[in-house]
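Remember, it's 1-based here, ligands and their atoms both numbered in the order they're listed.
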Amino acid sequence: MPRNIIIDTDPGQDDAVAILLALASPDEIEVLGITAVAGNVPLPLTAKNARIVCELAGRTDVPVFAGCEAPIARKLVTAEHVHGRTGLDGPDLPDPTMSLQDTHAVDFIIDTLRAQPPGTVTLCPLGPLTNIATAFTRAPDIVSRVQEIVLMGGAYFEVGNITPAAEFNIYVDPEAADIVFGSGAPLVVMPLDVTHKALVTKARNDAFRALGTPVGIAVAQMTDFFERFDKEKYGSEGAPLHDPCVTAYLLRPDLFSGRHINVEIETTSDLTLGMTVADWWRVTDRAPNALFIGQLDAQGFFDLLTERLARL
Ligand code: RIB
Ligand code: CA
């Protein structure tokens, strides 16, 4: 029985790989829809890139919805310096022919959670949490119907990647993150602490390219482009595949480990805005609200990813 999910995303090369991994795993994952949000690049581009990825996977049957074009209470901050002007720099992929759905992404999220039996839809946010938080605010009744939220965002030991204190997805819309982390929905968080251990080394990227398929070659080209930011900044061995950790967790949770702890979001201090204050050492009496992942079996992750990408 596949798990029903909605992928909320701001593609972004790593979002693209997360989407491809999900679409390559139809026995385990049913993608009810993909909702685009402004983040790495503005909404028109994230909504376009999501469709480019569906077409690359040969899955134009998956409905794609455009969502919020700006954070709840702040100006949009984008990351072209990481992902390039298009948000999907690297491969030269054709413009999409499939069209966007007319329904707004927030309405799709609300309608789907109300239509599906309670506890049967997992939300997989891979970008700023604007769409999710807007849906929860507009329709509080849907929160208890969510099976689980498995998101990429935040950091504790790794601290920030867009400011000294904050990870990008949370930093772009901290008010939205505060709503989601405080919603009471079951939450699994993939922070930089674990995604910085999912590095596409040269050997791993060569394995993608060696698939020889349009998908394998496109993923290798995305990584060739996407890795230069992290290699320069962190001196790391390769690109951290942040968002695919979310999809891989749905397929093989045994590859990951973490702690069920309290995580709060800084929404007022300019100095630490967007910081995920994770009580990893349980020094407060604040109630645990998230499974905060710290470790993964990196080679197991890449073996899974490469094997699945080969199917497309
Ligand atoms: O900080 C990494 C996150 O920000 C990833 O989701 C990446 O795609 C960007 O959205
Ligand atoms: Ca993303």
Side-chain angles (χ1 to χ4, degrees), residues 5-22 34-43 45-50 52-53 64 67-68 70-71 76-90 105 123-132 149-174 176-177 180 188-200 219 222-223 225-231 233-234 236 238-249 265 273-276 293:
I5 74 169
I6 295 173
I7 299 175
D8 190 73
T9 179
D10 64 335
Q13 288 87 351
D14 60 316
D15 302 68
V17 179
I19 294 166
L20 290 169
L21 179 55
I34 295 176
T35 51
V37 67
N40 284 320
V41 286
L43 182 68
L45 284 173
T46 58
K48 175 182 175 186
N49 294 341
I52 288 175
V53 175
V64 177
C68 299
L76 178 63
V77 171
T78 52
E80 285 88 350
H81 61 291
V82 178
H83 300 275
R85 192 186 50 74
T86 70
L88 216 46
D89 284 28
L123 302 180
C124 298
L126 309 178
L129 290 163
T130 316
N131 286 343
I132 310 298
I149 300 175
V150 185
L151 68 84
M152 190 278 143
Y156 182 60
F157 293 101
E158 282 296 288
V159 290
N161 63 356
I162 185 80
T163 72
E167 177 278 325
F168 180 78
N169 287 342
I170 308 299
Y171 177 72
V172 169
D173 199 340
V180 172
V188 179
V189 178
M190 294 286 162
L192 298 178
D193 301 30
V194 66
T195 68
H196 278 182
K197 295 167 184 159
L199 298 177
V200 187
V219 168
M222 286 182 202
T223 305
F225 180 86
F226 170 61
E227 73 178 9
R228 74 204 196 296
F229 172 77
D230 284 77
K231 288 176 90 166
K233 174 172 180 179
Y234 294 99
S236 49
L241 277 188
H242 307 289
D243 296 337
C245 288
V246 168
T247 316
Y249 179 82
I265 311 296
L273 184 69
M275 182 176 186
T276 46
I293 301 295

inquiry  = With no hydrogens and no angle check, just 3.5 Å: does a side-chain donor-acceptor pair link T46 and D10?
reply    =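 Per modelled atom types, T46 and D10 side chains form no pair under 3.5 Å.
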
Mark up the atoms of ligand 1 that fall under 4.0 Å of a heavy atom belonging to [X], in ascending order.
X	answer
D10	10 (O)
M152	2 (C), 3 (C), 5 (C), 6 (O)
D15	8 (O)
H242	2 (C)
F168	1 (O), 4 (O), 9 (C), 10 (O)

ask   = Has F168 got more than 12 heavy atoms of other residues, nucleotides or ligands less than 6.0 Å from its CZ?
value =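 Enclosed.
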
task = Kindly confirm or rule out an N or O of L192 lying under 3.5 angstrom from an N or O of ligand 1.
result =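 The answer is no, given that L192 and ligand 1 share no N or O pair closer than 3.5 Å.
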
key: Polar atom proximity, D243 to ligand 1 (N or O, under 3.5 Å)   =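 For ligand 1, there is an N or O atom that lies under 3.5 Å from one belonging to D243.
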
Given that the side chain starts at C-beta and the backbone is N, CA, C, O, which of these parts of [X] lies under 4.0 Å from ligand 1, counting heavy atoms, or is it both or neither?
X	result
T195	neither
I162	neither
V82	neither

How many angstroms lie between [atom1] in [X] and [atom2] in [Y], if you round to the nearest 0.5 Å?
X	Y	atom1	atom2	value
Q13	F229	CD	CZ	12.5 Å
L126	D14	CG	CG	8.0 Å
D193	Y156	CG	OH	9.5 Å
H83	L45	NE2	CG	12.5 Å
T195	L241	OG1	CG	9.0 Å
F226	N40	CZ	CG	8.0 Å

key: Backbone of E227 reached by a side-chain donor or acceptor of D230 within 3.5 Å   =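 It does not hold such a pair.
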
ask   = Within the distance-only criterion (no hydrogens, no angle test), does the side chain of N131 pair as donor or acceptor with the backbone N or O of G67 below 3.5 angstrom?
value =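 No, because the side chain of N131 does not come within donor-acceptor range (under 3.5 Å) of the backbone of G67.
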
Closest non-hydrogen protein atom to [atom], residue and atom name please, with distance?
atom	value
atom 8 (O) of ligand 1	D14 OD1, 2.7 Å
atom 9 (C) of ligand 1	N40 OD1, 3.1 Å
atom 1 (O) of ligand 1	E167 OE2, 2.6 Å
atom 10 (O) of ligand 1	N169 OD1, 2.9 Å

query = Rounded to 10 degrees, what angle sits at the Ca ion (ligand 2) between L126 O and D15 OD1?
reply =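 Approximately 140° at the metal, rounded to tens of degrees.
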
task = Identify, by name, the N, O or S atom of D10 lying closest to the Ca ion (ligand 2).
result =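 The nearest such atom is OD1.
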
Name, closest N/O/S atom of D243 to the Ca ion (ligand 2) =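 Distance check against the Ca ion (ligand 2) picks out OD2 in D243.
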
query = Is there side-chain contact between M152 and E167, with at least one heavy-atom pair below 4.5 Å?
reply =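 The answer is yes, as the side chains (C-beta and beyond) meet within the 4.5 Å cut-off.
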
